[in-house]
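Heads up, the thing below is written out as structure tokens.
Each chain gets a letter, A, B and so on, in the order the sequences are listed, and its residues count up from 1. Because the structure is predicted, anything quoted here is derived from the model rather than measured.
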There are 2 protein chains.
Amino acid sequence: MARLAGVSRATVSYVLNNTGAVRISEPTRRRVHEAARELGYVPHAAARSLRAGHSRIVLMPAPAIAPGPLYSRYLNELQWALGRLDYTVVQHGNVGLHGDEAVRAWAELRPVAVLVPGAGIGPEGVAVLKRSGARAVVTLGPEPVDGAHALLMDNERVGHRAGAHLYARGRRRIGVVVPEESGLEIFSRPRLAGVRNALRGTDGTVTELPLGYDEESAARLAERCRGLGLDAVFAYNDEYAMLLMRALQDDGVRIPEETAVIGADDLMLGRLLRPRLSTVHIDLPSGRYVADLVDRAVRNPGAAAERLTVLGATVVQREST
Amino acid sequence: MARLAGVSRATVSYVLNNTGAVRISEPTRRRVHEAARELGYVPHAAARSLRAGHSRIVLMPAPAIAPGPLYSRYLNELQWALGRLDYTVVQHGNVGLHGDEAVRAWAELRPVAVLVPGAGIGPEGVAVLKRSGARAVVTLGPEPVDGAHALLMDNERVGHRAGAHLYARGRRRIGVVVPEESGLEIFSRPRLAGVRNALRGTDGTVTELPLGYDEESAARLAERCRGLGLDAVFAYNDEYAMLLMRALQDDGVRIPEETAVIGADDLMLGRLLRPRLSTVHIDLPSGRYVADLVDRAVRNPGAAAERLTVLGATVVQREST
DNA sequence: TTGAAAGCGATACCAC
DNA sequence: GTGGTATCGCTTTCAA
């Protein structure tokens, strides 16, 4: 390539990588830089990582369905933080690939670390990734996976907080909205379980309420709520809560007097409703924090897998409960 | 590697790639497959694309700020469609990189095609990508870029539709909400311009209204609206519309009688407000369609750059206008 | 039907 | 200081 600019490729490599051990004369450096710019030279990541035996790629599977606005904000923060540590963050769009296939598709890129949200991987998957050169595998999900570091997003706790809050406010017949949309079970099931646990051993009851993300479904569910005699509902997140709350109001149900409603995720829009929507605010770990964990794991691949619970959940009471 | 399983690496390559021209004996194939599974062998994408001279990677820069829920749905559809055509979709998290730097970071991965949303690239950028082996560069944005195929997201039209609608409903003093959050200008500026164009030469006036995504900002703006004597507002999208509408209502403004409000993007949540929010529904091209365009461009890199306007905008009148 | 060997681009070591 | 050269994992051509 740019050795057409007068020098050998080795020299080019030295110059462009600013190798400390070897000193190149200033005129030569300039010639190389100029030639590079002129030819629009861009190093070949594949060749480099082939030679080096590893890449600086941190791979994340792109989620099949956006879990909510929270996630994309979080993702950007994380990308920024990893970028500062000189990693290249890459989201792999493996829609339609499952389990093993997906893992192999990720492994082909030989990422130095893999960040898996949800439940997209098992112990064998982790092993495949590690054998293929990944120095760190980090899961972000409800439970740890053997061999991988775990950031435990304890959604069970979210449900527990909501359940305890409603019970403390005197509610006994509690419904829990679970999205019908598939791909959200990883989050919604633990939230439901959390409510159940909060009410276990009390006189409260918990009813699962499937809800599709559309108005007809909400109208049907509102009607069903009436029949069930519920006095409170915890919805998967604020969007589903808004949907149901509207339908209940249209049915003449007074909120919170007859039925209390609480959501989760603390979206801006929940504050706009009347009554203002109570919610469970979720604290995700900062991007910095996760980025540092990844970096530590990469530098020290032998270390024991860390397991950290990283999801703070606090009830924000507004007017709907 | 798996040649420890009895055969040469060439044979392995044949078997795993199902090469048609060479036939391998069935027992050998089995031995190779078994060994591969046992060793957890995964081909090395870098080595392959180094040798082949090209990859199957379609690269998209990950947007710094999610333009809305519409986008993630669209992205998934696109990823799925490209996956079916055997491309590997990769979102490059280049937060903090600008212009040229970002383009070079993308080029390092030697993608076969690059899909750039927004205004993230200029003609020189396209040239760099092409020199580095990209067989297709496609922009999704307001205006075409030399050398690249363009899917013209004509946000000007969105604003135009909204402006024309409001004017037709008898409104004359029209405010246009523009997000204060940076990164959204690519979408918001053309929408504002569209309203201006729709009202050019009439007795209507257009006022730009900056709005941050929070309640205090909305309250301030609501007050300002009163002073300006506006009788209609077109908001950047439904979320900003909801925010402002709530603030106006809290100020005692009757909607739509005193002030009409219309948003854009046709989000589910807009229907839940009272009055139901009017909106400009946006038709994005199907993932299939864009995937086919990319595939055509890759197969036939010499062809002239296609320029297609791919954004349908229709006013959905509900109760707020 | 299989094996040997060249070569993709970048790098690191070793001579000059 | 600088220029050859072997090397990474894989595909492909050529020979056997």
Side-chain angles (χ1 to χ4, degrees), chain A residues 1-33 35-36 39-57 88 104-112 128 131-135, chain B residues 1-33 35-36 39-57 86 88 104-105 107-112 128 131-135:
Chain A
M1 78 99 222
R3 109 204 51 149
L4 307 178
V7 297
S8 84
R9 31 186 181 182
T11 310
V12 171
S13 179
Y14 289 142
V15 173
L16 295 182
N17 292 293
N18 254 320
T19 308
V22 191
R23 252 188 293 285
I24 307 287
S25 69
E26 201 43 51
T28 307
R29 303 176 68 92
R30 249 205 312 280
R31 275 219 312 284
V32 171
H33 276 128
L39 298 180
Y41 170 79
V42 175
H44 195 302
R48 173 181 289 165
S49 67
L50 183 56
R51 170 66 226 222
H54 61 259
S55 68
R56 291 291 289 176
I57 290 179
T88 299
R104 280 203 297 273
W106 307 338
E108 288 194 6
L109 294 180
R110 293 295 188 278
V112 68
V128 169
R131 259 202 306 272
S132 77
R135 290 164 65 91
Chain B
M1 77 100 222
R3 109 202 54 149
L4 307 178
V7 298
S8 83
R9 31 188 178 180
T11 310
V12 171
S13 179
Y14 288 143
V15 173
L16 295 183
N17 292 295
N18 254 320
T19 308
V22 191
R23 251 189 292 286
I24 306 287
S25 68
E26 202 43 51
T28 307
R29 303 176 68 94
R30 250 205 312 281
R31 275 218 313 285
V32 172
H33 275 127
L39 299 178
Y41 170 79
V42 176
H44 195 304
R48 171 182 291 165
S49 69
L50 184 55
R51 171 66 226 223
H54 61 260
S55 68
R56 292 290 289 176
I57 290 178
D86 201 35
T88 298
R104 279 203 299 273
E108 289 195 6
L109 294 179
R110 294 295 190 276
V112 67
V128 170
R131 260 200 306 270
S132 76
R135 290 165 65 91

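Taking the side chain of Tyr14(B) as heavy atoms from C-beta on, and the options dG9(D), dT11(D), dT12(D), the nearest nucleotide is dT12(D). The Arg51(B) side chain lies nearest to dG7(C) when the options are dC14(D), dG7(C), dT11(C). Of the candidates dT11(C), dT2(C), dG9(C), dG9(C) carries the atom nearest the His44(A) side chain, counting heavy atoms from C-beta on.
For the pair Arg110(A) and Ser49(A), the minimum side-chain heavy-atom distance is 4.5 Å or more.
Taking all atoms of both residues into account, the shortest heavy-atom contact from Ile57(A) to Leu109(A) is CD1-O, 4.3 Å.
When the P atom of dG9(C) is taken as reference, atom NE2 of His54(B) falls 13 Å away, rounded to whole Å. Atoms CD (Glu108(B)) and C1' (dA10(C)) sit 12 Å apart, rounded to a whole Å. At whole-Å resolution of the value, CZ in Arg110(A) and P in dC10(D) are 6 Å apart. Leu50(A) has its CG atom 12 Å from the P atom of dA10(C), to the nearest Å.
Residue Leu50(B) holds its CG atom at 13.0 Å from CZ of Arg51(A), rounded to the nearest 0.5 Å. One distance of note links OG of Ser132(A) with CD of Glu108(A); it measures 10.0 Å at 0.5 Å rounding.
A close approach under 4.0 Å does occur between a side-chain nitrogen or oxygen of Tyr41(A) and OP1 or OP2 of dA10(C). Of the side-chain N and O atoms in Thr11(B), one or more sit less than 4.0 angstrom from OP1 or OP2 of dG3(C).
His54(A) pairs by the side-chain contact (heavy atoms from CB on, under 4.5 Å) definition with Ala52(A), not counting sequence neighbours.
A side-chain donor-acceptor contact under 3.5 Å links Arg131(B) to the backbone of Leu39(A).
If one axis is set at each end of the helix from dT1(C)-dA16(D) to dC16(C)-dG1(D) from five pairs, those axes are 50° apart, to 10°.
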